[in-house]
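Just below is one structure, and these are the notes that go with it.
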Amino acid sequence: MTASRLLSGAAAIAIGAMGGTTALAQSDMPGEGTTINMAQPTWDTGYFYTQIYKMALEELGYTVEGPIALDNPIFYQAVAQGDQDLWVDGWFPLHNTYEASFSQGAEKVGTVAAGGALEGYLVSADAQEEFDIQSLEDFKRDEVKEAFDRNGDGKADMVACPPGWGCEVNIAHHMEAYDLGDHINLVKAGYSASMADAVAAYQQGDPILFYTWTPNWTVNVLQPGEDVMWIEVPEVDLPEEMADLEDAATLDGVEGCVADPCMLGFPANDIVPVANSEFLESNPAVRALLEEASVPLEAVFAQNEEMYNGENETSDIEEDAAAWIEENRDTVDGWLEAARDAAAE
């Protein structure tokens, strides 16, 4: 073999090795060069797992813009149109009311947490026992309304949901269905501030009534079965979009409920990512990651309590997410491996 042919062969091997290295790099970072426009809701209890998903996407090489906080109707319209690529805060069936607005251009994919997201109404335990409060129907009684009337309008005050939240629609439906408009005053200001005020009132010995969901810091600060009790609805009455889920609105084994099974009046929710369909088609690694990933509710509960205790800056939430990823490195690496495999197919 001549020297020139030896040189040519060596060059080919070198070029092949370089090509293999490039392919490997592309496989490890399938999102390199692609920007994701990510959103999050205007409530903060999901910001922790939003950051976990964001960081995982960045480990795949994606540049993630945001997450920008959007009200539900705006996000679902934006993701259908492609102005936003995804969020990981879809609550279903609560958000069934928005499905018609996004289903032509976006889709649900994967599950952050299955079946553990509860909704319902709670009252301070002492007042529940004193007035024998079993359901919302008891707030039609004058002595109950008077005890829970904090602004002097003759109605019981209840911390509810701000405009634009999916729970606002359901609560409004309940108020009408159970004829409670003349008996309960819905406090629709910022939820965290309203609940902080309610916690302060509870600590001063005043009765409180509020709507909440899980995961949420409220049920860490006010423990169901100790500080507060879940109460029932008079009967299950769901908005039209959820009518076929009537059986799912009564749950067994709800800790701290006045009855078992407990007629909460809200079906248990799955927390689900929603993403633009064209974006998913162009980015199989993202679809695979969303299908593979999940975050235990216990971790969300714990982090939410830290937020309530003052660690609520974006930098705090980012640190919590990064720490969770490192503590669960093998699990997250499994998500990333699935995403990289999907991109390589």
Side-chain angles (χ1 to χ4, degrees), residues 43-46 48 113 116-139 141 143-151 155-162 165 167 171 174 180 183-233 250-266 268-269 296-312:
W43 65 89
D44 60 6
T45 55
F48 169 60
L118 305 181
E119 299 176 82
Y121 305 104
L122 297 101
V123 300
S124 42
D126 290 346
Q128 186 275 322
E129 183 177 3
E130 179 181 353
F131 296 102
D132 190 27
I133 299 170
Q134 300 297 314
S135 82
L136 287 177
E137 187 72 14
D138 289 304
F139 285 88
R141 291 158 43 198
E143 68 272 21
V144 177
K145 285 190 289 186
E146 182 179 356
F148 286 81
D149 181 7
R150 298 179 59 205
N151 65 1
K155 300 180 183 181
D157 292 312
M158 181 176 82
V159 178
C161 292
W165 290 18
C167 47
I171 294 171
H174 282 167
L180 290 167
H183 306 285
I184 293 179
N185 171 51
L186 301 181
V187 179
K188 295 187 177 184
Y191 184 83
S192 292
S194 296
M195 276 306 306
D197 180 62
V199 170
Y202 169 80
Q203 291 171 341
Q204 293 170 6
D206 295 335
I208 59 171
L209 166 66
F210 61 98
Y211 160 90
T212 201
W213 67 94
T214 64
N216 193 315
W217 59 266
T218 57
V219 291
N220 278 42
V221 175
L222 300 172
Q223 292 281 333
E226 297 181 17
D227 305 304
V228 293
M229 298 291 292
W230 295 96
I231 61 172
E232 297 191 290
V233 293
T250 300
L251 289 83
D252 293 321
V254 177
E255 185 175 355
C257 183
V258 296
D260 189 13
C262 185
M263 191 162 53
L264 289 172
F266 298 86
N269 283 272
L297 285 173
E298 294 78 10
V300 183
F301 276 117
Q303 191 277 337
N304 281 187
E305 185 171 12
E306 291 181 9
M307 285 199 302
Y308 173 76
N309 289 329
E311 297 181 21
N312 54 9

Give the C-alpha distance, both sets of side-chain angles, the deciding distance and a yes or no for side chain to side chain contact (heavy atoms under 4.5 Å, CB included) between Met195 and Trp217. CA-CA 10 Å; Met195 276 306 306; Trp217 59 266; 3.6 Å; yes
Given Arg141 and Phe131, is the side chain to side chain contact (heavy atoms under 4.5 Å, CB included) satisfied, shown in steps? CA-CA 10 Å; Arg141 291 158 43 198; Phe131 296 102; 4.1 Å; yes
Criterion ring-ring contact (aromatic ring centres under 6.0 Å, His included) on Phe266 and Tyr211, from CA distance to verdict: CA-CA 11 Å; Phe266 298 86; Tyr211 160 90; 5.7 Å; yes
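You'll find the side chain of Val258 reaches within 4.5 Å of the side chain of Glu232, heavy atoms only. Residues Thr45 and Trp213 are in side-chain contact: their nearest non-hydrogen atoms beyond the backbone lie under 4.5 Å apart. Contact of the Asn220 side chain with the Asn304 side chain is not registered, since no non-hydrogen atoms from C-beta on lie closer than 4.5 Å. When side chains are defined from C-beta on, Trp43 does not count as touching Cys161, because their heavy atoms never get closer than 4.5 Å. In this structure the side chain of Asn312 never reaches within 4.5 angstrom of the side chain of Asp44, judged on heavy atoms. With a 4.5 Å cut-off on side-chain heavy atoms, Asp197 and Arg150 count as touching. No side-chain heavy atom of Tyr121 sits under 4.5 Å from any side-chain heavy atom of Ile184. Between Asp138 and Asp132, the closest side-chain pair of non-hydrogen atoms is not below 4.5 Å.
Between the side chain of Asp157 and the backbone N or O of Asn151 there is at least one donor-acceptor pair closer than 3.5 Å. Judged purely by atom type and a 3.5 angstrom limit, Asp260 has no side-chain atom pairing as donor or acceptor with the backbone of Asp252. Remark: the backbone N or O of Val123 is not paired with any side-chain donor or acceptor of Gln128 at under 3.5 angstrom.
Under the rule for a side-chain hydrogen bond (donor to acceptor under 3.5 Å, both in side chains), Ser124 has no partner lying at least two apart in sequence or in another chain. Residues meeting the ring pair (Phe, Tyr, Trp, His ring centres under 6.0 Å) test with Phe301, sequence neighbours left out: none.
The line from CD of Gln223 to OG1 of Thr218 is 10.0 Å long, rounded to the nearest 0.5 Å. Summarising the geometry, atom CD belonging to Gln303 is positioned 14.0 Å from atom CD belonging to Glu298; distances are rounded to the nearest 0.5 Å. In this structure, Leu122 CG and Leu222 CG are separated by 8.5 Å, a value rounded to the nearest 0.5 Å. To the nearest 0.5 Å, the span separating NE2 on His174 from CG on Leu186 amounts to 12.0 Å.
Side-chain contact check for Glu311 and Asn309: no donor-acceptor pair (N or O, by modelled atom type) lies under 3.5 Å. For the residue pair Tyr202 / Asp227, a side-chain donor-acceptor distance below 3.5 Å is found, with atom types taken as modelled.
By the 30° and 60° cut-offs, the orientation of the rings of Tyr191 relative to Trp165 is tilted.
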